[in-house]
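Please read the structure below before turning to the comments.
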Amino acid sequence: MPEFNIKTDDTVLSGAQSGSNTNMEIVIERYRQTVEFIASKYKDSPMEREDLIQEGMIGLLAAIKSYRNDKGASFRTYAKICIDNSIQSSLRKFNRQKDIPIQNVIEYQEEELPVENGYSSAEDIVIAQESVSLLTKVLQENLSDFENEVLRLHIVGCSYNEIAARLCKTPKAVDNALQRVRKKLSGISF
């Protein structure tokens with residue numbers, strides 16, 4: 001990567017803003033440590049370190065796209081502010097989600113199947129299968145394919161970032177889908 005050290009920030013940034021993927025990669029690589037340093041300031045936050053770094057990278061990309069050198073600030077200064085603002089914004093959003101009113105939370109009630117001698121009866125198994133079929137039908141009728149897939153991955157324990165990576169979407173799109181699922185399912189009774 002010899003051109004990494006040869007090109008100045010202004011040259012590389014200009015190329016990145018013009019659409020050069022190579023220059024974009026150089027800028028991202030040059031500022032990766034800056035993003036990680038800024039994210040490390042929030043080590044006591046409720047968000048995971050990798051999520052903070054990802055939010056910082058989003059801020060860096062926004063800085064690359066919106067930077068104008070005629071405004072008097074260096075790109076380094078502007079990028080640091082954009083990175084920090086992006087992380088702070090995501091932390092505010094994360095904290096707001098913890099304060100969701102209790103009436104918006106869908107209660108999960110686990111029904112226990114009666115077990116005799118360690119085995120469920122055939123009748124109990126059939127009833128359970130019918131319940132699963134009914135639930136599957138309700139989900140297919142009320143949710144989009146994307147929402148169904150997000151819900152399935154969420155139920156099996158995937159994080160927002162894992163779901164986003166598997167479905168080639170952003171974590172925000174995953175969050176929005178889960179919010180829609182909650183709204184759609186809150187009015188349905190079984």
Side-chain angles (χ1 to χ4, degrees), residues 1-101 104-105 144 146-147 149-154 156-183:
M1 217 188 258
E3 69 180 316
F4 176 83
N5 295 319
I6 296 173
K7 291 185 178 180
T8 65
D9 268 359
D10 290 336
T11 306
V12 175
L13 184 61
S14 176
Q17 288 177 328
S18 299
S20 166
N21 287 337
T22 303
N23 285 335
M24 181 70 81
E25 289 173 14
I26 292 171
V27 173
I28 290 170
E29 193 58 38
R30 281 186 184 176
Y31 285 89
R32 179 176 301 281
Q33 287 184 333
T34 303
V35 170
E36 290 174 359
F37 175 76
I38 294 171
S40 70
K41 294 191 313 185
Y42 299 97
K43 65 181 175 205
D44 294 330
S45 78
M47 291 179 67
E48 293 182 21
R49 182 176 186 275
E50 290 302 316
D51 292 337
L52 293 171
I53 291 172
Q54 182 175 359
E55 291 297 330
M57 293 303 276
I58 291 170
L60 175 60
L61 293 174
I64 292 170
K65 290 182 180 180
S66 63
Y67 176 71
R68 291 181 46 194
N69 61 0
D70 62 345
K71 296 294 183 182
S74 70
F75 177 72
R76 179 169 293 284
T77 302
Y78 183 73
K80 286 179 181 179
I81 291 170
C82 288
I83 293 164
D84 197 45
N85 286 345
S86 180
I87 292 172
Q88 287 181 17
S89 176
S90 68
L91 285 169
R92 282 191 299 273
K93 187 185 308 179
F94 184 85
N95 288 330
R96 276 194 309 262
Q97 289 177 353
K98 289 186 349 186
D99 300 327
I100 296 173
N104 291 349
V105 176
S144 69
F146 175 65
E147 291 166 343
E149 190 62 19
V150 168
L151 179 60
R152 185 187 67 77
L153 291 170
H154 183 67
V156 297
C158 293
S159 70
Y160 281 29
N161 288 332
E162 290 171 333
I163 296 170
R166 287 186 185 188
L167 301 179
C168 300
K169 299 286 184 180
T170 65
K172 180 64 180 161
V174 170
D175 179 54
N176 289 342
L178 285 173
Q179 295 301 326
R180 287 192 307 273
V181 167
R182 285 184 185 104
K183 285 181 184 177

May I ask you to test the Ile87-Lys41 pair for a side-chain heavy-atom distance under 4.5 Å?
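Ile87 vs Lys41: side chains apart.
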Residue list, side-chain contact (heavy atoms from CB on, under 4.5 Å) with Ser89, at least two apart or on another chain
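Ser89: side-chain contact (heavy atoms from CB on, under 4.5 Å) contacts with Arg92.
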Just jot down the side-chain contact (heavy atoms from CB on, under 4.5 Å) partners of Ala164, sequence neighbours excluded, or say none.
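Ala164 satisfies side-chain contact (heavy atoms from CB on, under 4.5 Å) with Pro171, Val174 only.
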Using the ring-ring contact (aromatic ring centres under 6.0 Å, His included) rule, collect all pairs that involve residues 9-28, keeping only residues at least two apart or in two chains.
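Listed once each, the pairs would be none.
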By the ring-ring contact (aromatic ring centres under 6.0 Å, His included) test, which pairs, at least two apart or in different chains, include something from residues 45-84?
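Output for this query lists Tyr31-Phe75, Tyr67-Phe75, Tyr67-Tyr78.
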Sort and list the pairs that fulfil salt bridge (Lys or Arg N to Asp or Glu O under 4.0 Å) and have at least one residue in residues 56-65, not counting sequence neighbours.
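Pairs touching residues 56-65 that pass the test: none.
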Show me the pairs that pass salt bridge (Lys or Arg N to Asp or Glu O under 4.0 Å) and involve residues 68-77, at least two apart or across chains.
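Sorted result for residues 68-77: Arg68-Asp70.
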Please enumerate all residues that pass side-chain hydrogen bond (donor to acceptor under 3.5 Å, both in side chains) together with [X], with sequence neighbours excluded.
| X | answer |
| --- | --- |
| Glu36 | none |
| Asn176 | Lys172 |
| Arg166 | none |
| Thr77 | Ser74 |

Looking at residues at least two apart in the chain, or sitting in another chain, which of them share a salt bridge (Lys or Arg N to Asp or Glu O under 4.0 Å) with Glu50?
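Partners of Glu50 under the salt bridge (Lys or Arg N to Asp or Glu O under 4.0 Å) test: none.
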Partners passing salt bridge (Lys or Arg N to Asp or Glu O under 4.0 Å) against Arg32 (at least two apart in sequence or in another chain)
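By the salt bridge (Lys or Arg N to Asp or Glu O under 4.0 Å) rule, Arg32 matches Glu29.
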